[in-house]
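A short write-up of the structure that comes next.
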Amino acid sequence: MSDLSDHLKSFTSQVSGIDNFDPASRGTCAVCHKPILNAVVNAGGRSYHVEHFACAHCNTPLKTGTYFEKDGAPFCPSCWDSSVCERCVKCSQPINDKIVHALGGAFHDSCFTCGECGTALASREFFDRHGTPVCTSH
């Protein structure tokens, strides 16, 4: 019984040394601001209890799966595509890759093409012809 008492005292003294402002833990949760004493998720420069790492839009738990980040907030792929990410002005699909900002809108790299001949314009000079990008050959 003495061993059990000693272990309990040791554990109690270790736990009592943890406080919310300077935790001897794996960090402080970005959601509840309490120390993380067990499993931790580190994402976007922040630490989370596993149960608090959730989509900022729909609150679906993200665990350690795929997520997107905007302004430090995590988003599930569904909310990212439907509510957060920019959509291509040419094809209207979500842009989860390289974005070309031009003519007041956002384009997929592959969608930003000459309106006359289809030449890719992402890294080329172009002109605005009534809101349509055209290469210098036209």
Side-chain angles (χ1 to χ4, degrees):
M1 194 68 161
S2 171
D3 285 340
L4 183 57
S5 265
D6 291 341
H7 286 296
L8 183 57
K9 285 180 188 176
S10 174
F11 178 73
T12 303
S13 70
Q14 289 172 14
V15 173
S16 67
I18 298 172
D19 73 37
N20 288 336
F21 300 105
D22 187 25
S25 66
R26 294 186 173 127
T28 301
C29 180
V31 175
C32 70
H33 309 290
K34 292 183 179 176
I36 302 168
L37 302 175
N38 46 25
V40 61
V41 175
N42 292 306
R46 296 180 178 166
S47 299
Y48 300 86
H49 288 108
V50 173
E51 62 272 18
H52 291 156
F53 186 56
C55 176
H57 187 74
C58 70
N59 212 30
T60 297
L62 298 173
K63 300 180 181 152
T64 57
T66 301
Y67 73 96
F68 296 91
E69 184 182 322
K70 183 173 185 181
D71 301 327
F75 294 90
C76 69
S78 178
C79 287
W80 179 262
D81 286 350
S82 66
S83 305
V84 182
C85 77
E86 292 184 83
R87 292 191 170 271
C88 178
V89 297
K90 185 172 183 180
C91 72
S92 301
Q93 295 299 308
I95 305 173
N96 290 320
D97 219 348
K98 184 177 178 185
I99 297 176
V100 176
H101 287 103
L103 305 175
F107 296 82
H108 288 104
D109 185 46
S110 59
C111 287
F112 190 61
T113 58
C114 174
E116 297 289 326
C117 67
T119 299
L121 296 175
S123 58
R124 297 183 60 172
E125 199 172 316
F126 67 93
F127 296 103
D128 177 357
R129 184 175 294 152
H130 308 291
T132 301
V134 293
C135 67
T136 55
S137 299
H138 295 100

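In this text, all values refer to a predicted model and were calculated from it rather than measured experimentally.
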When every non-hydrogen atom of Val31 is compared with those of His52, the smallest separation belongs to CG2-O, 3.6 Å
Heavy atoms of Gly115 and Thr132 approach each other most closely as CA-CG2, 3.7 Å
Over all atoms of both residues, closest heavy-atom pair of Cys111 and Lys90: O-CD, 3.0 Å
Between Arg124 (side chain only) and Cys135 (backbone N and O only), is there a donor and an acceptor less than 3.5 Å apart? no
Closest approach of Arg46 and Gly72, non-hydrogen atoms and distance? NH1-O, 3.1 Å
Output for pair (Ser82 OG, His57 NE2), nearest 0.5 Å, gives 6.0 Å
Are Leu62 and Val41 linked, directly or through other ILVMFWY residues, by side chains that come within less than 4.5 angstrom of each other? yes
If you measure from OG on Ser110 to CG on Asp97, what distance do you get to the nearest 0.5 Å? 8.5 Å
Classify the angle between the aromatic ring planes of Trp80 and Phe68 as parallel (below 30°), tilted (30 to 60°) or perpendicular (above 60°). parallel
To the nearest 0.5 angstrom, please state how far the CG atom of Leu37 sits from the NE2 atom of His49. 6.5 Å
Closest contact, heavy atoms only, Ala120 versus Thr113: CA-CG2, 4.1 Å
Rounded distance [0.5 Å steps], NZ in Lys70 versus CD in Glu86: 7.0 Å
With a 4.5 Å cut-off on side-chain heavy atoms, are Cys76 and Cys58 touching? yes
For residues Gly44 and Glu69, report the shortest heavy-atom separation together with the two atoms involved. CA-OE1, 3.2 Å
Are Phe107 and Leu121 joined in one hydrophobic group, where the rule is that I, L, V, M, F, W and Y side chains link up if heavy atoms are under 4.5 Å apart? yes
Find the distance between OH (Tyr48) and SG (Cys32) and round it off to the nearest 0.5 Å. 11.5 Å
Does the pair Cys85 and Ile95 meet the rule for a side-chain contact (heavy atoms from CB on, under 4.5 Å), with working shown? CA-CA 6 Å; Cys85 77; Ile95 305 173; 5.6 Å; no
Would a distance-only check, ignoring hydrogens and angles, find a side-chain to backbone donor-acceptor pair under 3.5 Å from Arg129 to His138? yes
Take the angle between the ring planes of Phe112 and Phe126 and call it parallel below 30°, perpendicular above 60°, tilted in between. perpendicular
Using atom types as modelled and distance alone, determine if a side-chain donor or acceptor of Arg87 lies under 3.5 Å from a backbone N or O of Asp81. yes
Using the rule that two of Ile, Leu, Val, Met, Phe, Trp, Tyr join whenever any of their side-chain heavy atoms come within less than 4.5 Å, decide whether Val89 and Val100 are in one cluster. yes
Mind checking the NE2-CG spacing from His130 to Leu103? Nearest 0.5 Å is all I need. 12.5 Å
